[in-house]
Amino acid sequence: MTTQRTSGRRKQALAATAAVAALLTTAACGGGGDDDKGSKTGAAGFDAANNKVAQASAAKKGGTLKFGAAQDADSWDTTRGYYGMMWNFARYYSRQLVTNKAEPGAAGAEITPDLATATAKVTDDGKTYTYTLRDGVTWEDGKPVTSKDVKYGIERVWAQDVLSGGPTYLKDVLDPKGAYKGPYKDTSADKLGLKAIDTPDDKTIVFHLPEANSDFEEMLALVSASPVRQDMDTKSKYGLKPFSSGPYKFASYAPGKDLKLVRNTSWKQASDPVRKAYPDEITIKFFSDANQLDQRLLSGDLDLDLNQTGMSPQGRTTALKQHKANLDNPVSGYVRYAVFPQSVKPFDNIECRKAVILGADHVSLQTARGGPVAGGDIGTNMLPPSVPGAEGQKYDPYKLAGDNKNGNAAEAKAALKACGQPNGFKTTIAVRNNKPVEVATAQSLQASLAKIGITAEIDQYDGSQTAGIIGSPSNVKKKGYGIIIMGWGPDFPSVQGFGLPLWNSKYIAQSGNNNYALINDKTIDGLFSSYVTTLDDAGKTKIATEINHKVMEGAYYLPFVFERFINWRSDNLANVYTTDGYSGQYDFVNLGLKNPKK
């Protein structure tokens, strides 16, 4: 899962210095800030909504819930959206057969029925999934949502030539040979020709998987499995005004400026066990400058940040000093890291990769990302804490949070000698120019590597063109990008939902590639194949741990941090909590207001 946030001017990159990190640490430990318990401001208190519900009973019906954002969604089309905040927000106007529980912490990553009366009836050794739709589920014009609407919405994933950008898990699992060409090229009269899905009646939908996949229901909980009604499908324009099956509908949308949802009066509470629909209206105001957004949050004009990737360095410093009771410090589902493309010499040699891992100053890298509070714990491996099978800092094969946390020059130089580069070498670090914290991280790594004889030039590329720049293996090789700075979070909380696009050889692509290291390891591929056909949770967890170990043993990555955020909630926000279902974001779906008239 990708996150996007344009976090202000490049000079902010230098704000996350040791001094700022020290301030953050002090504030998190109880000093230098506003009253933790919120008695002065009416806020719930520091970390009051972190994996628990703050002010649940205070939520009232009515009012306008006000989001701000420094970046618009990639698309509001349920098929095309891939930003984590879009998936979270889209549940206001879209429903799925199953969805994440509206509960804090780890429980929020569990699956619960939504459009369906129950989770799947699974038969045929895990290859057949059957659902029955609830009574009373309607579109915004009052017409019933049918099984055919669900099937059609899922079929749109196949129309990648028109609706590119979103996750394609359902396409890959239901039609691995690519036989179906999508609804826009479907020659059947009803445009419902995908053979892997049956709709025997308007209330029943049956999925037939060619091979079992133990995470299939997790894939159906993604918004890409939302129903879409054929007569309302405007194809590439659908994201401008999706047709609602949820409690809210689009009233207006000006891309990059603002968005407004109002109540869908055809929605029935009795048909929806997940959504409470507290506000009357929900608005988003988009800003081009993250500092301006943070100022509006601090002033109380807005309730929360849509992007949920943390306040900018300037904003969070002010917030921790003056408004600590309005802040939460969740662990996100993201790992921030450097990755070494094996196509760029000398990183085809494992010892050269190890030299960078061992030579880096991991405390300095953590500080560049904001310190232990705003940046996160030092990353020691590549499986984020929210994914079953993760071991956190207990698994630290290179002692990155231990003996080698400040770098180990002796071991790094021994690795350089072992890879035939005893005097070091030159390389290039690729980093997005619209991510100031990543630029600061690159500068930290550059300084560390210089101490062991590795000269690293930093190339800041256009962050809006990631897929065609670092996502192109041929361009990476041409540019000599030996080190790429990136981050990744789970599409759903499993090793498949996190690591498959990063580590499986079949996901190496010529454009839009995410397997930047070009890992082509038969053992890792085999473990993924075993994982998807393993149906018991204990077995899945064991394989996930094994995959993570194999990735780290290959020295393909230098993890920076298990990321944390500093996120804002207004005094007026009620029933607010973070959820593992959306990588530590606040769960948007049942947010309410204490004072709806405010």
Side-chain angles (χ1 to χ4, degrees), residues 34-35 37-46 48-50 52-69 76 85 88-95 102-104 108 140 244-254 257-287 293-308 319 323 325-328 567-579 582 585-598:
D34 206 358
D35 180 48
K37 297 180 181 178
S39 59
K40 296 178 183 177
T41 64
F46 183 75
N50 190 4
K52 52 187 179 290
V53 185
Q55 305 185 133
S57 61
K60 298 180 177 68
K61 287 279 187 178
T64 299
L65 176 62
K66 299 175 183 178
F67 287 86
W76 295 110
M85 56 83 167
N88 195 346
F89 191 88
R91 292 187 301 159
Y92 283 134
Y93 59 86
S94 70
R95 297 180 62 181
E103 296 182 22
E140 64 179 77
S244 176
S245 57
Y248 298 93
K249 62 183 179 182
F250 273 60
S252 63
Y253 173 44
K257 294 182 179 179
D258 51 58
L259 186 155
K260 181 179 179 180
L261 301 182
V262 296
R263 286 195 184 276
N264 169 13
T265 55
S266 295
W267 173 82
K268 303 176 185 68
Q269 178 70 78
S271 76
D272 194 333
V274 177
R275 299 160 184 81
K276 303 301 181 187
Y278 288 117
D280 288 334
E281 297 180 348
I282 301 168
T283 61
I284 307 173
K285 174 69 175 174
F286 298 107
F287 298 86
L293 166 61
D294 288 346
Q295 288 168 10
R296 294 287 295 275
L297 291 168
L298 290 164
S299 68
D301 294 339
L302 301 169
D303 293 306
L304 72 163
D305 175 10
L306 175 79
N307 300 128
Q308 292 289 289
H323 304 278
N326 292 92
L327 302 176
D328 290 296
N567 279 336
W568 175 272
R569 53 179 150 71
S570 74
D571 293 356
N572 201 29
L573 206 58
N575 198 46
V576 54
Y577 55 87
T578 64
T579 171
Y582 294 91
Q585 297 180 12
Y586 295 131
D587 188 351
F588 298 159
V589 74
N590 285 331
L591 290 172
L593 300 170
K594 292 193 294 184
N595 181 2
K597 294 181 181 179
K598 187 173 180 178

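Counting from 1, the numbers follow the sequence of the chain as shown. Heavy-atom basis, side chains included; hydrogens, waters and symmetry copies ignored.
In this structure, a donor-acceptor pair under 3.5 Å is absent between the side chains of Asn572 and Ser570.
One finds the CD1 atom of Ile282 at 11.0 Å from the CG atom of Leu306 (value rounded to the nearest 0.5 Å). Distance check, rounded to the nearest 0.5 Å: CH2 of Trp267 to OH of Tyr92 gives 12.0 Å. The distance from the CH2 atom of Trp568 to the CG atom of Leu327 is 6.5 Å, given to the nearest 0.5 Å. To the nearest 0.5 Å, the span separating CG on Asn307 from CG on Leu293 amounts to 7.5 Å. Atoms CG and OG1, on Asp280 and Thr64 in that order, are 7.0 Å from each other to the nearest 0.5 Å.
Contact check for Asp303 versus Leu593: side-chain heavy atoms found under the 4.5 Å cut-off. Using a 4.5 Å heavy-atom cutoff, the side chains of Asn567 and Gln308 are in contact. Looking only at side-chain heavy atoms (C-beta outward), Arg296 and Phe287 come within less than 4.5 Å of each other. Residues Leu65 and Leu261 fail the side-chain proximity criterion, which asks for heavy atoms closer than 4.5 Å. Asn88 has its side chain out of reach of Tyr586: every pair of non-hydrogen atoms, C-beta onward, lies at least 4.5 Å apart. For the pair Arg263/Tyr248, a side-chain contact is recorded, criterion being any heavy-atom separation below 4.5 Å from C-beta on. Side chains of Asn590 and Arg275 form a contact here, defined as non-hydrogen atoms less than 4.5 Å apart. The closest side-chain heavy-atom distance from Lys66 to Lys285 is not below 4.5 Å.
Shortest non-hydrogen contact noted between Tyr253 and Phe286 is CE1-CE1, 4.3 Å. When every heavy atom of Ala69 is checked against every heavy atom of Ile284, the shortest pair comes out as CB-CG2, 4.2 Å. Considering all non-hydrogen atoms of both residues, Lys52 and Tyr577 come closest at O-CB, 3.2 Å. Closest approach of Gly108 and Thr579 over heavy atoms only: CA-OG1, 3.3 Å.
When the side chain to side chain donor-acceptor pair (under 3.5 Å) test is applied to Ser271, the partners found at least two apart in sequence or on another chain are Arg95.
Of the charged side-chain nitrogens involved, at least one lies within less than 4.0 Å of a carboxylate oxygen, so that Arg91 and Asp587 count as a salt-bridged pair.
Taking the ring centroids of Phe588 and Phe67, they lie under the 6.0 Å cut-off.
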